[in-house]
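Throughout, protein chains are lettered first and strands after them, A, B, ... in sequence-line order, and every chain is numbered starting at 1.
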Amino acid sequence: VRRNIAELAGLPAATRVCIAGRVLVSEPSGFMLSDQSGWVLCTAARLPAELSLVMVEGTWDGHDVVCERFLHEQPGSVRPLADAEHASLTGKGGARGRARQERLFARAALIAEVRRFFHERSFLEVETPLAVPSPGLDLHLSALELKTSKPARYLITSPEYQMKRLLAGGLERIVQIGKCFRDDEIGERHQPEFTMVEWYRAWADVEAVMRDTEELVAHVAEARSGRRVLLTAQGEIDVTPPWPRLTVREAFARYAGLGLDDVVSDETRFYRVLVEQVEPALTELGAVFLCEYPASMASLARKKPGDPRVAERFEAYVGGIELCNGFGELTDAQEQRSRLLHDQAERARLGLPVYPIDERFLGALEEGIPPSAGNALGLDRLIMLALGAAHIEDVLAIPASKL
Amino acid sequence: MYETSDIRKGLKVIMEGVPFEVTYFQFVKPGKGQAFTRTKLRNMLTGTIFERTFKSGEKLEKADLEERQMQYLYPEDGFYVFMDTTTYDQLRVTEEQMGDNKYYVSDSLMCSVLLFNEKPIGITPPNFVEFKIESTEPGFKGDTSGNTTKPAKIITGLEIQVPLFINEGEWVRIDTRTGEYSERVKK
């Protein structure tokens, strides 16, 4: 029976064992055998080749394994690639491969915690289609189009349209954990294909979903560190709810000395101030909500009752990392149609592809969606924060750059 | 001309007649909005660093610096001396201009020396350099889990993280772009 190498340490000396894995080092003093659980030094009369895959039978002496018989032996080699990365990202590659493997275990455990969090709060986990007739009309999101599909299909940039149809269908608490696709987005915190956790609550307001968000992050932090603290690459971040809520108007006034009305008509200026002045300041605040975005920058959110200049849209920033984007949902079908037509016209004006309007989504709004709120949170980024990873690629099994 | 999507660590651009090297970059796209690239740029003449955010679609002027393949000879009075192996011309590069690259040069290493108006302003070592491990704790036996790396020093004073099976006196290959251990080399 094959044992995990990590089990060996718990066995008495002189136990007969069978282990298998990849030979990382082979030299006269012995060879180093590594499996998914760990690694151990082995001695044998005959040394296997480095990088070969072997299964051996022998005796655990409390320190090393004295091999008596090779039950399996298969050569392995490393073909040098241009960027000196190996084909297998988790096996060979010594220390870095091992560290990546450990992060993948931690990632899976945290995703299980996210599922548990929503299950405990009576959310139904759903899976909606990834290939859809309209990927959304956000001006700055660029969708991947499936070339051969008829009628035209795009990969979702978020499952928002489909999940809102489920709200019209009578589901009241739904969550989805799945892939979203946004072309041309790659960097320390971006991947063209990434994992989103998106959830909606019917008969609830945006504040309820902000509370879900801070509690979810606190839950994940506690699962990882035992405390409501994220041990990030930049240091500890206390994520105990409630987090401060800062309106976009307050943030622009405080960190850039600008009134929102001064910048809202010039989109580029708005985003430049956000990137250069506001976001760096938010980094200092630990975990914070930025809320009440200009109404023109929230096509699917409802306007704030009493202040139609801003929308019920929020984002959470944790350690300066933008984690999510949530709304008090727009449920007025007529207003939604006119906003989508406006977005289509803007896309045409800017020479961007004009995606169709999803009539079934609008149909759901016409049928009626209760007052609802929802949020879309980048799960890879939350995992980065929890594991103290500096780059999104560090928490992925195979990042886009290694395809 | 470079596009913002060409921005990488080490990219060299000219702004207002001054050559800059990108030392850090980050793609950002706040609030499902416009994309920007945050950068830190090192002025290659003075060494000072400043931050600049480029909007997606902005163009950057490529720095056409002369690069000469030269051999590293030795340190001298706080300078690093390089020689052109065909003309035997020698150049002195300051410690500041060397930056972290001072950790990667060893006897006779061929590097590319960057010249601006015929004066050296920096060097680029090969992507990989090989060094002997001068000191590191032993760490091979018994440890079946837990830490998988340990610190090790090379002769230039650089400390890197190496796998536990690397011993003193062994040679390793270091990626000069990241400063990280790449693999063990047999010598």
Side chain / backbone / both / neither for [X] at chain B, heavy atoms under 4.5 Å:
| X | value |
| --- | --- |
| A:Thr157 | neither |
| A:Leu290 | neither |
| A:Leu141 | both |

Might you confirm whether atom [atom1] of [X] has over 12 heavy atoms from other residues, nucleotides or ligands at distances under 6.0 Å?
| X | atom1 | value |
| --- | --- | --- |
| B:Glu76 | CD | yes |
| B:Ile155 | CD1 | no |
| B:Gln69 | CD | yes |
| B:Tyr88 | OH | no |

Distance (rounded to the nearest 0.5 Å) between [X] [atom1] and [Y] [atom2]:
| X | Y | atom1 | atom2 | value |
| --- | --- | --- | --- | --- |
| A:Glu267 | B:Gln34 | CD | CD | 4.5 Å |
| A:Ile186 | B:Ser5 | CD1 | OG | 11.0 Å |
| B:Phe36 | A:Leu274 | CZ | CG | 8.5 Å |
| A:Tyr271 | B:Lys55 | OH | NZ | 11.0 Å |

With a 4.5 Å cut-off on side-chain heavy atoms, are [Y] and [X] touching?
| X | Y | value |
| --- | --- | --- |
| B:Lys32 | A:Tyr293 | no |
| B:Pro30 | A:Tyr317 | yes |
| A:Glu188 | B:Phe27 | no |
| B:Gln26 | A:Arg189 | yes |

Query - Chi angles and distances behind the salt bridge (Lys or Arg N to Asp or Glu O under 4.0 Å) call for A:Arg272, B:Glu58 - result: CA-CA 13 Å; A:Arg272 191 176 276 284; B:Glu58 270 187 73; 3.3 Å; yes

**Report entry** Minimal non-hydrogen separation, A:Val275 against B:Arg38, with atom names
**Finding:**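 A:Val275 and B:Arg38 have their closest heavy atoms at O-NH2, 3.0 Å.
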
Report summary line: Cut-off 4.5 Å, heavy atoms of chain A, and the answer for B:Arg173 is neither

Query raised in the report: Do A:Glu276 and B:Arg52 pass the salt bridge (Lys or Arg N to Asp or Glu O under 4.0 Å) test, and can you show the C-alpha distance, the side-chain angles, and the key distance before you say yes or no?
Result: CA-CA 9 Å; A:Glu276 292 185 341; B:Arg52 164 106 194 242; over 6 Å; no

